[in-house]
Structures are given as structure tokens and as C-alpha cells.
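Following: one structure in C-alpha cells, then a few remarks.
From a predicted model like this one, the values you see are computed outputs, not experimental measurements. Protein chains get the first letters and strands the later ones, always in sequence-line order, with residue 1 at the start of each.
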Amino acid sequence: MAPQTRRLAFPKVVIERDSDTEQSSSDDEGQEEEEEEGPLSESESEEEGKENGFEEKSEENFDAKKKGKAPITISLKKVCKVCKKAGHEAGFKGATYIDCPMKPCFLCKMPGHTTMSCPHRVAIEHGVTPAPHRNTRNALEYVFERQLRPRMPLIKPAYVIPDEVNCAVIRYHSRRVTCLEFHPTTNNILLSGDKKGQVGVWDFCKVSEKMVYGNIHSCIVNNMRFNPTNDGAVYAASSDGTISCTDLETGIALSLMNLNPDGWQGPNKWRMLYGMDINQEKGVVLVADNFGFLYLVDIRTNSKSGEAILIHKKGSKVVGLHCNPIQPELLLSCGNDHFARIWDMRRLEAGSSLYNLSHKRVVNSAYFSPLSGSKILTTSQDNRLRIWDSIFGNLESPSREIVHSHDFNRHLTPFRAEWDPKDPSESLAVVGRYISENYNGAALHPIDFIDVSTGQLVAEVMDPNITTISPVNKLHPRDDVLASGSSRSIFIWRPKAKSEVGEQKDERKIIVCGRAEKKQKFGDQSDDSDDDTCKMKGKNIKSKKSRSKLTPNNLKRKR
DNA sequence: AGGCTATGCCCCC
DNA sequence: TGGGGGCCCTAGCC
């Protein structure tokens with residue numbers, strides 16, 4: 001099957017070097033042409049590999065030399081790197097990845113086909129398993145219809161998709177980004193946590209105003225939340241087993257709880273904190289660890305209240321906690337025991353969950369919908385998003401399952417589908433995609449906007465300069481802004497500038513931090529196509545002219 | 001420029 | 001039921 005290419009045009013960017021960082025910049029790498037690997041070059045390298053393989057890797061040859069026999073000529077037939085069988089090969093053909101046909105589909109996990117021919121392949125109107133017709137009428141559903149439904153608009157407004165990189169900090173963190181959080185009141189402040197335990201504070205309007213605090217945690221920052229009553233303070237839960245409360249002005253961090261007071265006593269003893277949320281009404285920080293336990297910390301006294309409660313399978317990681325935005329008594333948790341669980345805060349004890357939402361694999365995240373709190377969206381490692389349309393209805397099975405590639409590789413931050421907090425219809429979600437797609441010869445990993453009420457892919461957003469996967473995504477609570485974390489870099493996306501309106505100077509500033517490295521992936525690419533719609537489905541974003549207003553790329557590549 | 005590796009979950013014995 | 005080996009699209013460092 002011929003690898004498919006999606007044609008797409010991208011605007012140009014301005015790159016600036018971070019003035020704070022010392023750089024050795026030798027500009028010996030010019031603008032590289034983005035070349036497609038044709039089948040010819042592919043087969044050439046195969047030949048080479050054959051010879052080298054024979055000389056260096058063939059054990060038979062080695063044995064033969066030892067025993068002084070003539071080397072046996074064996075033909076090292078190319079075998080599939082996945083199943084080790086001959087006749088086919090998994091791997092990249094140009095920018096398209098060809099699956100091993102002997103394995104189940106990489107996307108939907110079902111046998112009998114590969115990703116290329118998967119009926120759930122990410123495309124419009126694919127991937128949805130419709131809800132079975134059920135009678136979900138009960139008293140609570142009635143209450144829902146009476147009290148909540150009238151507040152929800154019947155007509156969905158058109159989605160505004162932040163589909164163009166507006167600014168970025170490249171290699172901002174020293175390890176991959178693990179979480180992002182917008183400041184609750186100051187519109188242009190973004191917080192980021194990383195695998196090393198550092199917390200970044202970035203003003204993405206001033207762009208160069210940024211700060212990384214390195215002394216708050218000693219390893220992975222798994223979740224951050226602002227103090228709802230004091231937005232100058234932010235809480236963070238870390239795999240170092242502590243919760244921190246950091247004053248953003250001073251950078252001074254308090255440690256509220258330490259689950260490893262005796263230090264490293266082996267992997268079976270070391271406790272890590274993952275899921276975290278704040279219940280404002282009850283004045284507690286809720287946090288959960290990698291052994292299945294939930295802890296409550298009183299915000300006023302900054303001390304642990306009560307004993308740890310087993311809320312997931314003993315010994316399993318609890319990766320997510322979310323308090324219902326409307327009903328403060330409702331708590332949602334999810335974890336590695338393949339369950340998301342709903343709890344009544346008034347009756348938190350082992351085994352007393354109200355509902356257990358089962359999944360086929362680990363649940364990376366589970367969130368109540370942001371406005372009514374009546375829907376649930378989960379991301380599971382079985383490559384499916386699941387939606388429960390009403391927590392007052394039948395929770396036996398999800399209302400919808402949407403097949404989507406976010407199966408996570410251990411080296412990535414787990415993907416989490418996040419609600420758009422601005423969408424009054426509570427149906428738009430954003431989630432990064434794992435498998436790449438061939439865009440004009442480049443393998444890119446888009447960030448998907450999905451209408452979870454229909455399963456429709458509303459938009460897939462990408463930039464040719466971002467070749468890394470973007471598992472961490474957050475939509476702004478008020479503005480049409482998307483923040484994405486990809487490897488060590490952070491990107492701010494806004495809707496494409498509409499050239500007609502007001503001649504807005506759209507300077508896209510890219511700050512490059514850190515040590516000089518071999519290749520900078522911000523280059524000048526593809527300015528040919530006139531298909532500039534960024535795969536917006538059913539929406540017309542006029543932006544052809546906007547590209548010409550962007551300053552030409554002047555990045556000097558360095559090594 | 002290629003090879004290592006940190007790291008998490010799953011599966012199998 | 002527990003430990004160890006094995007991984008399908010990593011990314012960055014040596």
C-alpha cells in the first residue's frame with residue numbers, strides 16, 4: 001500500500017535565542033531540504049546493512065573464523081523487526097509507518113488488519129463506538145433534566161481552534177514536560193512541571209519572561225493546582241513523595257507532606273504522589289500515591305488530616321483525582337487498576353466507591369466536565385477515550401468509546417484528554433496523538449480536537465517544526481489559547497490570524513534555550529500548498545494571506 | 001552518527 | 001501471586 005501523505009501548508013516563524021543562555025553557535029548547517037526518502041535510497045541502505053551485518057553481526061561467521069573453516073555464506077534476509085519474520089518489514093517508509101501485519105492493529109488493538117486499513121483510523125466520523133440504546137431514566141436523570149439541562153445551550157457554538165503556534169520556548173525544561181496549568185486569573189501566565197521536578201513560570205505574552213524553579217521537587221511533578229483562594233500559591237504533587245505549596249512571587253516552597261521521611265529504602269518502600277486536586281469547599285488538598293492510597297491535607301493548617309484511605313487496588317498507582325465542579329461531595333479517581341471510580345467525599349473508605357467505571361487498560365486520566373460536572377471523560381491506554389454523558393444516568397458502560405491513538409510508550413508523559421473549559425456545550429476535548437501522520441513528507445504527531453458528543457475529529461493541529469509528540473495539552477480557561485508540552489519545549493497556539501480584521505501584527509516569537517545541540521527543528525518548510533485549513537472540518541478559517549505577513553524564518557541551525 | 005538508556009506496563013512462568 | 005523479561009512510531013546525550 002502506498003504511504004499516504006496529507007498535504008498541508010505552514011506559515012513561517014521567527015526564532016530568537018534566549019539571551020540568558022550561553023550558546024556556541026556555529027551556523028554550519030544550512031537550510032536543509034526536507035527530503036522524502038524514496039524507495040531507492042531505502043533499498044540502497046538495505047544493501048549496506050546486509051554487508052555490515054554479515055561482517056560484524058553474523059554469529060555463524062564468527063564461529064567459522066574461530067574454527068578455521070571457510071565462512072558459510074548465508075543470506076541475511078531482511079526480517080520484520082517486530083515479529084522477526086521475513087516477507088514484510090515494519091517501520092518507516094518515508095514518513096509513513098508501516099505496521100507489522102502479524103500483530104494486532106496498533107491503533108485499535110484488534111487483529112486482522114494494520115493501522116493503515118484500520119476502520120478506526122483517525123479521520124472524520126471514524127472511531128466511535130455508539131452507545132447501546134438504554135433506558136437511563138431514573139429520578140436523578142429527571143433532576144438533571146430539570147436543573148442542569150436548561151442551563152445548557154441547545155445549539156453548539158462554532159468551535160474556535162487555536163491551530164497555529166504563536167510563541168514557544170524551545171528546550172525550556174531540562175527534562176520532558178509532564179504537566180501544564182494556566183494561572184487562574186492572570187491570563188498570560190503558564191505553569192509547567194517536568195520530569196526532573198522543576199516548575200516553570202512563563203509569561204507567554206512577554207515571551208522572554210520566564211523562570212524555572214529547580215529546588216521544589218527532586219523528581220517528576222505529576223500534577224499542579226492553584227490554590228482557589230490564593231492564586232499566588234500553587235500546589236504540586238511529585239514522585240518524590242511530597243506535596244509542595246509554592247509562592248509564585250518568591251519561589252519559596254513549603255512541603256506539606258512527605259511520604260518518604262526516611263529517604264530511599266528501596267523501590268517497594270518509596271512512595272510517589274500522582275493524582276491531586278483541591279476541594280475548596282472542604283478546604284483540603286487531595287492527593288494519591290502509587291500504592292492505591294488517598295491522603296487529605298488541610299489547606300489552613302497545612303497538615304495531613306486523617307489516615308490514608310485505600311481507594312484503588314492495593315499496590316496500584318492512582319494517577320488522577322478530580323473534584324466535581326458543581327457537587328463538592330463528588331470525587332473522581334482513576335488509576336492503574338483499570339478503573340475510574342466515583343466517590344462520595346462524606347464516605348471515603350476502602351471499597352465504598354459509588355461507581356466503578358471499568359476500562360480495558362490503565363486509565364491515564366478521568367475528568368468531570370468543567371461546567372455542569374455531569375459528564376465524565378477518560379483516557380485509557382487501550383487507545384480509547386470514553387465518555388459518560390451523565391453521571392446521573394446509567395454508568396454501567398460508557399456512552400461512547402472513541403478509538404484514538406494515545407497508547408503510551410514508557411518514555412512519554414501519559415496522554416490525557418482535556419475538556420475545553422470554555423465550551424458551553426461541554427463536548428470539545430483536546431488530546432495529543434501518538435501515531436504520526438505523513439504531512440508533506442514529514443512524520444508529525446498532531447494534537448487532536450475531538451467533539452466527544454459525536455466522536456468527530458474537529459481539528460488536527462500541528463506544525464512542521466514540532467516533530468516530537470505532544471502528550472501534554474491544556475486549553476485556556478478564558479482565551480482561545482492552547483498550551484502544549486512536547487518533550488522539553490512548550491508551545492502556545494492561537495487561532496490563525498485573520499488578515500482581514502485589524503491588521504494585527506502577528507509576530508511569532510520562538511525562544512530557544514539550553515545547550516546548543518546538533519539540530520534545531522525550526523526551519524523554513526512547505527510554502528507551496530494553498531490548502532491552509534489545517535484540516536478544519538466544516539469550518540472556514542481564512543488564513544492564506546496571513547502567512548505572508550509572518551516574518552521569514554531566520555533561524556540559524558546549530559550543532 | 002549510531003548506540004545507549006531512562007523508564008512503565010504487561011504478560012508469562 | 002510475584003518477579004523478570006520484553007517491548008511498535010521516544011528523545012536526548014555521549
Exercise for the section: Go through the steps for W343(A) and H312(A) under the test ring-ring contact (aromatic ring centres under 6.0 Å, His included), then give the verdict. Expected result: CA-CA 11 Å; W343(A) 303 85; H312(A) 278 263; 7.0 Å; no
Quick one about [Y] and [X] (side-chain donor to acceptor, distance below 3.5 Å, no hydrogens or angles considered), yes or no?
X	Y	result
Y355(A)	E396(A)	no
R176(A)	T413(A)	yes
N222(A)	S239(A)	yes
N336(A)	S316(A)	no

Practice task
Could you tell me whether H406(A) and Y434(A) have their ring centroids closer than 6.0 angstrom?
Solution key: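 Ring-ring flag for H406(A)/Y434(A): false, centres at least 6.0 Å apart.
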Rounded to whole angstroms, how far apart are [atom1] on [X] and [atom2] on [N]?
X	N	atom1	atom2	answer
R488(A)	dA6(B)	CZ	C1'	14 Å
N222(A)	dT7(B)	CG	P	13 Å
R171(A)	dG12(C)	CZ	P	8 Å
H338(A)	dC11(B)	NE2	P	8 Å
D99(A)	dC9(C)	CG	P	10 Å
N290(A)	dG8(B)	CG	C1'	12 Å
F106(A)	dT10(C)	CZ	P	9 Å
Y274(A)	dC9(B)	OH	P	7 Å

Side-chain N or O of [X] less than 4.0 angstrom from OP1 or OP2 on [N]?
X	N	value
R361(A)	dC9(B)	no
K195(A)	dT7(B)	yes
S405(A)	dC9(C)	no
K317(A)	dC9(B)	yes
N336(A)	dC9(B)	yes

Practice task
Kindly assign one of parallel, tilted or perpendicular to the pair F368(A) and H322(A), based on the angle between their ring planes and the thresholds 30° and 60°.
Solution key: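 It falls in the tilted class, 30° to 60°.
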Practice task
Ignoring the backbone of Q381(A), work out which of dT7(B), dC9(B), dT10(C) is nearest its side chain.
Solution key: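 The listed nucleotide nearest to Q381(A)'s side chain is dC9(B).
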Problem - Nearest-neighbour nucleotide for the T468(A) side chain, dC8(C), dG8(B), dA11(C) considered - result: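 Nearest to the side chain of T468(A) among the choices is dA11(C).
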Applying a 4.0 Å non-hydrogen cut-off, can you work out what [X] is touching in the nucleic acid: base, sugar-phosphate, or nothing?
X	result
K103(A)	base
V362(A)	sugar-phosphate
P104(A)	base

Problem - Atom P, compared across dC9(C) and dA1(B): separation rounded to whole Å - result: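 Each nucleotide's P atom is 22 Å from the other's.
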Handout entry: Rounded distance in Å between the C1' positions of dT7(B) and dC13(C)
Key =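 About 16 Å, rounded to a whole number of Å.
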Exercise for the section: Please determine if K93(A) forms a cation-pi arrangement with Y97(A), meaning its NZ or CZ atom is less than 6.0 Å from the six-membered ring centre and no more than 45° off the ring axis. Expected result: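 No; the conditions do not both hold, so K93(A) does not lie above the ring face of Y97(A).
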Problem - Of A443(A) and S174(A), the one whose closest DNA chain C nucleotide lies more 5' - result: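 Result: A443(A).
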Exercise for the section: Have a look at dC9(C) and give me syn or anti from its glycosidic angle (syn if within 90° of zero). Expected result: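 Anti.
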Problem - Paired stretches of DNA chain C - 3 or more consecutive Watson-Crick or G-U pairs, each distance under 3.5 Å - result: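 DNA chain C stems, ordered by first number: B:2-6 with C:10-14, B:8-13 with C:2-7.
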Practice task
Flag the pair D407(A) and K109(A) as a salt bridge only when some basic side-chain nitrogen lies within less than 4.0 angstrom of an acidic carboxylate oxygen.
Solution key: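 Yes, charged N to carboxylate O under 4.0 Å.
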Handout entry: Distance-only donor-acceptor test, R410(A) side-chain atoms vs dC7(C) base atoms, 3.5 Å
Key =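 A donor-acceptor contact between them is present.
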Handout entry: Polar pair under 3.5 Å, donor/acceptor by atom type, side chain H411(A), base dA6(B)
Key =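 Indeed there is one.
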